[in-house]
Amino acid sequence: MTHSLAEQTAVVARVARRRVRRLAELVTTPLVPQDFVDLVRPLNSRTDPRGRIESVVAETAEAATIRIRPGRGWHRPVAGQYVRIGVDVDGVRQWRAYSISSRHDDGTFTITVKAVPDGVVSSHLVDRARAGTIVQLDQPAGEFVLPTPRPAKTLFITAGSGITPVISMLRESLRELDDVVLVHSCPTAEDAIFGAELRALAAARRIHLIERFTTGRGRLTVDDIVAAVPDLAERSAWACGPAPMLDALEQHYRESGMADRLRTERFRAAPVVTGVGGSVTFTRTRTSVHTDGATSVLDAGEAAGVLMPSGCRMGVCFGCVVPLHRGAVRDLRNGDLTTAADSGDGVLVQTCVSAAAGACEIAL
């Protein structure tokens with residue numbers, strides 16, 4: 001079989017390219033040329049999703065909406081889901097989970113972050129994040145979403161930044177919802193994230209908005225909600241906000257025989273069982289701290305200045321898993337004890353939902 005001069009030239013060129021690539025990989029070991037391509041085109045990776053911050057827009061004095069353009073390999077989210085974001089803060093990669101507040105036809109999406117006291121990542125994103133910054137992305141996750149078909153009557157109960165997954169649902173699905181009540185609480189009208197947008201929807205009679213400003217009045221209670229929503233038992237409900245509010249709502253729905261009508265989204269896992277606590281020693285950093293039985297190993301380590309891997313901080317994503325070398329920890333969700341032998345490689349534990357049960361040692 002004969003080949004034309006053009007075909008022979010193409011074969012020689014392909015062989016030459018392969019040889020150049022192999023040589024380049026040898027020269028750049030342990031890096032490969034793709035690593036340098038990623039430096040120039042950081043959104044190109046399919047296996048290591050990244051995003052580029054497009055804009056940062058203030059919502060309130062303490063909250064900002066951050067628009068992100070994801071790269072290849074990132075899946076389109078469902079309204080109400082969250083995403084884990086990896087951010088470099090002072091040279092250290094930190095991971096946090098944030099609800100997605102909107103998604104757009106051009107492929108971008110937004111998260112809306114409220115800076116919290118001592119919040120390393122939230123404060124960085126609100127105060128220091130700039131357009132052009134590259135962040136790491138996990139795939140969207142979460143079950144706090146609307147069902148299909150849509151419910152006939154819907155109730156959303158939110159407080160503070162708990163409005164973020166709900167605004168995503170409203171922006172995408174409001175035209176499919178016939179009867180919507182939103183009960184939202186925050187300290188003042190100026191503190192209401194998306195306040196102007198929600199009030200505009202209410203003025204247009206797209207939703208029935210009930211705002212509760214807590215400054216001088218105290219937190220929103222279940223009695224407040226029952227009084228404000230007389231047909232509460234007829235509505236499918238979604239609630240997101242502080243743990244005490246969600247705990248009270250879950251108890252009310254459970255005791256009223258309506259547990260299946262309420263879905264909640266928590267930003268932190270709610271401790272159900274606590275113990276006596278103990279001392280936690282982080283062996284690699286030689287740091288020791290004494291904690292009570294309600295403080296997670298993750299929180300204790302961060303408070304002591306230890307660099308702790310983390311993710312959802314709710315026991316869902318397993319981004320905080322580290323070896324327990326000695327001692328025992330208690331699962332704050334159910335009270336189960338996990339004990340490590342005095343030798344060997346230890347046992348893996350989730351630090352965000354585990355508290356010390358006596359003296360223990362963590363391999364960090």
Co-members of the apolar cluster containing F213 [side chain, <4.5 Å]: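 Taking Ile, Leu, Val, Met, Phe, Trp and Tyr as members, F213 stands alone, with no cluster partners.
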Heavy-atom neighbours of R76 CZ exceed 12 at 6.0 Å: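 Count over threshold, so yes.
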Sole residue of T291, T287, T295 in side chain to side chain contact (heavy atoms under 4.5 Å, CB included) with V280: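 Filter result, single survivor: T291.
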Nearest heavy atoms of Y98 and L125, plus distance in Å: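 Smallest interatomic distance, heavy atoms only, reads CE1-CD1, 3.7 Å.
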Which atom of W74 lies closest to which atom of P140, heavy atoms considered: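 Heavy atoms of W74 and P140 come nearest at CZ2-CG, 3.5 Å.
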For the [atom1] atom of [X] and the [atom2] atom of [Y], what is their distance to the nearest 0.5 Å?
X	Y	atom1	atom2	value
I210	R212	CD1	CZ	11.5 Å
M258	H252	CE	NE2	4.5 Å
R96	I85	CZ	CD1	12.0 Å
E302	C352	CD	SG	10.5 Å
T264	M245	OG1	CE	9.0 Å
M169	T164	CE	OG1	10.0 Å

Give every donor-acceptor pair under 3.5 Å between a side-chain atom in residues 354-364 and any protein atom, sequence neighbours left out.
from	atom 1	to	atom 2	distance (Å)
S354	OG	Q350	O	2.7
E361	OE1	R326	NH1	3.3

CA sep, side-chain torsions, deciding dist, call: T158, I167, side-chain contact (heavy atoms from CB on, under 4.5 Å): CA-CA 10 Å; T158 61; I167 196 69; over 6 Å; no
Cut-off 3.5 Å, no hydrogens considered: what does the side-chain donor-acceptor table look like for residues 149-157, sequence neighbours left out?
from	atom 1	to	atom 2	distance (Å)
R150	NE	E176	OE1	2.7
R150	NH1	L146	O	3.4
R150	NH1	P147	O	2.9
R150	NH2	S173	OG	3.3
R150	NH2	E176	OE1	3.1
K153	NZ	D231	OD2	2.7
K153	NZ	E234	OE1	2.8

Stepwise side-chain hydrogen bond (donor to acceptor under 3.5 Å, both in side chains) check, S310 with R313: CA-CA 6 Å; S310 67; R313 307 174 84 86; 3.3 Å; yes
Donor-acceptor under 3.5 Å (Q139 side chain, H75 main chain):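 Indeed, once roles are kept as given, a pair shorter than 3.5 Å links the two residues.
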Sidechain-backbone polar pair: R254 side chain, A259 backbone, donor-acceptor under 3.5 Å: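 A pair under 3.5 Å: no.
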Pair V180-L170, side-chain contact (heavy atoms from CB on, under 4.5 Å): steps then yes or no: CA-CA 9 Å; V180 178; L170 293 178; 4.2 Å; yes
